[in-house]
Amino acid sequence: MTSSISSLLVDPVSGLSGDMWLGALIDLGVPWESFMEAITGLGLTGYQLESHAVSLRGLHATKVTVTLHDDPQPHRHLQDVLAIIDGSSLPCPVKEQASHIFQRLAEAEAHVHGCSVDHVHFHEVGAVDAIIDIVGTCWCLHYLGVKTIYLLPLPLGSGTVRCAHGLMPVPAPATAELVRDFPVIFGHGDGELVTPTGAAIATTLGTPLPSSLPIRPLRIGYGAGSRDGGDRPNVLRLIQFHHSEKKSPPNGQKVLVDHPGQQQQQHRHGHGHEVNHHHRHHSHASDNHDQGHELESGADGELPWETVDVITTSLDDINPQWLPPLMEHLLQAGALDVQCQPSVTKKGRPSFVLTLVSLPRDRNQLLKCLFAESTTFGIRCRSEQRTYLLRDWVDVTTDYGTVRIKRGWLGKQLLQAQPEFEDVLQRAQQHQLPLSTIYQAAKYAFDQAFCLRESSH
Ligand SMILES: O=C([S-])c1cc(C(=O)S)c[n+]([C@@H]2O[C@H](COP(=O)(O)O)[C@@H](O)[C@H]2O)c1
Ligand code: NI
């Protein structure tokens with residue numbers, strides 16, 4: 001089965017801030033009413049939330065503004081913010097991601113100011129608008145079903161910025177701390193282009209875009225910032241794209257949908273076999289944003305469930321050469337799976353039954369695509385429940401090179417471990433060996449490494 005993963009490319013044209021994240025996500029198609037309703041679930045008061053279409057240097061963008069009734073805000077500690085998030089009615093993966101972002105903000109602040117995380121006084125970054133920016137961003141990502149986020153280099157700006165601490169160098173110290181180990185551009189552009197909130201979201205949830213990863217853009221959103229960007233529009237551009245799951249994530253990528261609550265670990269083992277564990281550290285919904293199939297549903301052996309559409313049509317007059325591109329097109333348009341079975345229809349005509357599995361939110365797009373790209377005059381659609389294993393990838397090193405292993409988990413139980421076929425094929429072709437040789441070597445390397453790790457813990 002091949003399914004589609006939704007990814008996001010962060011293109012910080014003129015920088016990155018919390019409100020730019022929100023604007024770009026709303027611009028990408030998150031319904032404003034649903035967003036407002038979700039934010040109400042935070043239980044905060046004393047603010048007004050607005051979204052406006054704006055034109056910046058002729059570029060259409062969305063500007064989200066949070067206006068506070070009570071200024072200045074109380075100086076909150078990390079625990080205060082975490083309690084607000086925890087006490088909200090937001091989905092668990094959203095709470096977990098947002099808390100993780102605030103935790104990293106607190107760690108950056110603690111480092112910069114030389115105090116413990118518990119003693120950090122959030123000034124601006126703990127205000128209601130920052131909470132809405134961060135929680136709202138996590139909710140929008142959850143809504144869109146985004147699983148992986150890639151970052152282009154972050155232009156940090158130059159000069160100084162005035163904040164609650166007084167005059168600070170750009171990047172602000174907390175930002176400088178948060179972007180450690182990420183590609184950034186210093187001294188380019190005037191003023192503070194990346195704020196601590198913008199940086200915390202990006203660096204907690206995203207990884208740098210691997211240079212070898214081609215992307216197929218689907219939707220593009222522009223989020224407006226508050227500053228005047230000079231001769232370039234002050235926008236954040238977010239590009240949503242799909243890539244096929246069979247091309248599993250490059251090594252080290254953060255997977256927002258994955259096996260619960262474990263940090264990425266690396267273990268080296270004997271026999272020359274190495275395993276990199278790419279566990280997710282933020283839970284997120286599986287293939288859609290419906291409630292009830294998030295992380296906790298699979299946490300302790302409980303089966304995760306979700307509602308999917310099963311869309312079928314019979315094609316008795318299609319040129320068979322059209323079928324492979326049609327199936328690929330449907331996958332790109334969001335189908336989780338596409339199957340084609342030979343059949344015989346009325347008047348003894350040889351035909352094909354095309355069946356797709358997809359998420360309800362992609363229904364209209366897929367139906368339109370099917371009408372446009374096939375010869376059908378009618379399509380059936382039914383709702384079904386599906387359950388699935390949560391998955392992640394580990395690398396094993398064999399005598400023939402590295403092979404990725406896709407693992408399937410039911411809670412903490414490992415139920416599947418399959419060498420990635422594309423890797424097996426590549427190694428087999430490279431060494432001119434049978435597929436089974438590589439497959440067995442990968443299985444053996446995995447068993448050795450995995451069993452050793454389990455018994456050494
Ligand atoms: O709120 C705090 S503690 C704070 C710390 C720092 C440090 O770098 S330390 C910087 N700032 C500045 O506040 C504004 C708002 O930041 P947002 O991320 O909430 O947009 C910004 O200019 C920061 O540099 C605040
Ligand atoms: Ni500070």
Side-chain angles (χ1 to χ4, degrees), residues 10 12 14-25 39 42 44 47 49 63-68 70-82 84-85 98-138 154-180 182 184 186-187 189-206 223-229 234-236:
V10 178
S14 296
L16 211 49
S17 60
D19 55 344
M20 288 165 95
W21 268 103
L22 283 186
L25 286 162
I39 294 302
L42 264 173
L44 295 172
Y47 68 89
L49 204 46
K63 174 91 189 82
V64 171
T65 318
V66 188
T67 312
L68 303 179
D70 305 318
D71 225 8
Q73 289 275 305
H75 285 178
R76 296 182 173 93
H77 289 88
L78 176 64
Q79 290 314 323
D80 303 321
V81 178
L82 295 184
I84 292 172
I85 296 172
S99 303
H100 192 204
I101 293 170
F102 271 107
Q103 178 76 36
R104 285 196 67 240
L105 263 172
E107 283 163 9
E109 282 291 318
H111 189 91
V112 165
H113 299 299
C115 61
S116 75
V117 167
D118 292 336
H119 286 102
V120 164
H121 281 266
F122 283 143
H123 300 293
E124 292 95 333
V125 295
V128 162
D129 48 349
I131 298 174
I132 291 176
D133 287 347
I134 290 175
V135 174
T137 296
C138 295
L154 309 178
L156 298 178
S158 64
T160 53
V161 61
R162 184 164 295 282
C163 56
H165 298 302
L167 207 55
M168 286 281 180
V170 169
T175 305
E177 199 53 36
L178 285 159
V179 300
R180 282 208 293 186
F182 281 82
V184 294
F186 271 90
D190 292 336
E192 183 184 46
L193 302 194
V194 176
T195 66
T197 302
I201 297 170
T203 59
T204 306
L205 305 183
S226 310
R227 288 177 314 106
D228 176 2
N234 182 20
V235 291
L236 161 65

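As the structure lists them, so they are numbered: ligands from 1, and atoms in each ligand from 1. For reference, positions follow the sequence shown, starting with 1.
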For N/O/S atoms only: which one belongs to [X] and is nearest the Ni ion (ligand 2)?
{"X": "Glu109", "answer": "OE1"}
{"X": "His165", "answer": "NE2"}
{"X": "His113", "answer": "NE2"}

message = If the condition is side-chain hydrogen bond (donor to acceptor under 3.5 Å, both in side chains), which residues does Arg180 pass it with, not counting sequence neighbours?
response = Glu177
Identify, for [atom], the protein heavy atom at the shortest distance, and state residue, atom and that distance.
{"atom": "atom 12 (C) of ligand 1", "answer": "Cys163 CB, 3.5 Å"}
{"atom": "atom 2 (C) of ligand 1", "answer": "Glu124 OE1, 3.5 Å"}
{"atom": "atom 16 (O) of ligand 1", "answer": "Pro196 CD, 3.8 Å"}

inquiry  = Can a donor-acceptor pair be found, under 3.5 Å and without considering hydrogens, that links the side chain of Ser158 to the backbone of Gly189?
reply    =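 Yes, because the side chain of Ser158 sits within donor-acceptor range (under 3.5 Å) of the backbone of Gly189.
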Whether Asn234 side chain and Arg227 backbone form a donor-acceptor pair below 3.5 Å = yes
task = Quick one: pull up NE2 in His113 and NE2 in His119 and give me the separation to the nearest 0.5 Å.
result =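 So the NE2 of His113 and the NE2 of His119 are separated by 14.5 Å.
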query = SG/Cys138 to CG/Asp133 distance, rounded to the nearest 0.5 angstrom?
reply = 11.0 Å
When you measure from [atom] to each heavy atom in [options], which option holds the nearest one?
{"atom": "atom 8 (O) of ligand 1", "options": "Ala130, Pro169, Ala174", "value": "Ala174"}
{"atom": "atom 19 (O) of ligand 1", "options": "Thr197, Val161, Thr175", "value": "Thr197"}
{"atom": "atom 6 (C) of ligand 1", "options": "His75, Glu109, Met168, Glu192", "value": "Glu109"}

query = With side chains defined as the heavy atoms from C-beta onward, is the minimum distance between Ile85 and Phe102 less than 4.5 Å?
reply =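 Yes, side chains in contact.
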message = Do Asp19 and Ser17 pair up side chain to side chain, a donor and an acceptor below 3.5 Å, judged on atom types alone?
response = yes
Atoms in ligand 1 flagged as close to His113, the criterion being non-hydrogen separation under 4.0 Å =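 Matching atoms, with element in brackets: 9 (S).
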ask   = Heavy-atom count around Asp190 CG within 6.0 Å, excluding the residue itself: above 12?
value =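 Atom CG in Asp190 is not packed in, count stays at 12 or less.
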ask   = Among the heavy atoms of Gly18, does any lie under 4.0 Å from an atom of ligand 1?
value =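 Gly18: no contact with ligand 1 (<4.0 Å).
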